[in-house]
Every structure is written in structure tokens, then in C-alpha cells.
Amino acid sequence: MATLAAAAARQAATLSRFSSPRTSAQASSLIHRRGLAGAADHHGSPKVNCWTDPMSPSKWKEEHFVIVSLTGWGLAIYGGYSFFTRGKGKKEEKLVEAAN
């Protein structure tokens, strides 16, 4: 019986909350505010494309910095691999031809 009375009291409170007239102060508090979504607010220097100012990576956009960094690492790894493995495949081919 107590739970039925509690449920009825909650329903009455909910209905009175929705049906009461709002003042302008209460209505303004219901307006959604975009708290931290200010993408247009720049803090610090504006970011530029990597080809606009190639000598200062601190001013680049983050995605351009990532692309340039990964490309540089890829070229360094490929260059090191090709430097240390050059000529190995040619020696094996010459040995095979000499055996025949």
C-alpha cells in the first residue's frame, strides 16, 4: 500500500512540474549551451598547412605533422633496408648461374 501511495505522489509531482508555468529565468536555464565545443576559439597561433611553412613543424596542423612524420620514418626504414641488403640478391643469382 505504501508503494502505491509513493508512486501516486511521484506521478503527481511530475505532473505538477510539467504543468507549472515557467518564468523567463527558468526558461533561460533550459537552453542548451555548447560548453567546450568552441572549435573557432583559437588558443595560440593558428595552425597552417605543412607546405605553407615547411621549416617550422610546430605551426603545422596535427594531421599534416603525422603524415609527414610517418612518411619520413617510412623512407628512413626503407632506405636503411635497401642500403644494408643491396647486392645480396645479385650474388645469389650469379652463384646459381655459375653452378649450371
Side-chain angles (χ1 to χ4, degrees):
M1 188 70 164
T3 58
L4 184 61
R10 264 182 290 173
Q11 186 176 11
T14 304
L15 288 175
S16 68
R17 196 175 335 141
F18 286 133
S19 63
S20 66
R22 301 263 184 214
T23 64
S24 63
Q26 288 175 337
S28 65
S29 69
L30 295 176
I31 296 173
H32 179 68
R33 305 242 192 273
R34 297 179 60 171
L36 298 174
D41 297 336
H42 292 290
H43 301 288
S45 62
K47 301 297 182 181
V48 297
N49 297 327
C50 61
W51 56 85
T52 306
D53 193 6
M55 297 308 289
S56 56
S58 62
K59 293 182 182 178
W60 293 353
K61 294 180 180 177
E62 183 179 353
E63 55 270 15
H64 290 218
F65 184 80
V66 169
I67 291 171
V68 171
S69 299
L70 291 177
T71 303
W73 276 106
L75 287 173
I77 291 170
Y78 178 74
Y81 172 78
S82 63
F83 176 77
F84 288 113
T85 60
R86 87 179 141 183
K88 288 186 179 179
K90 294 178 183 176
K91 290 180 184 176
E92 292 176 3
E93 291 175 5
K94 290 180 181 178
L95 291 176
V96 172
E97 291 176 6
N100 289 334

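Start at 1 with the first residue, then count along the sequence.
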Undergrad: Quick one: salt bridge (Lys or Arg N to Asp or Glu O under 4.0 Å) pairs with a partner in residues 49-59, sequence neighbours left out?
TA: Asp53-Lys59
Undergrad: Sequence neighbours left out, what pairs pass side chain to side chain donor-acceptor pair (under 3.5 Å) with at least one residue falling in residues 62-77?
TA: none
Undergrad: Using the test salt bridge (charged side-chain N to carboxylate O under 4.0 Å, His left out), find all partners of Lys61 that sit at least two apart in sequence or belong to another chain.
TA: none
Undergrad: Restricting to side chain to side chain contact (heavy atoms under 4.5 Å, CB included), what partner residues turn up for Val68, sequence neighbours left out?
TA: Cys50, Trp60
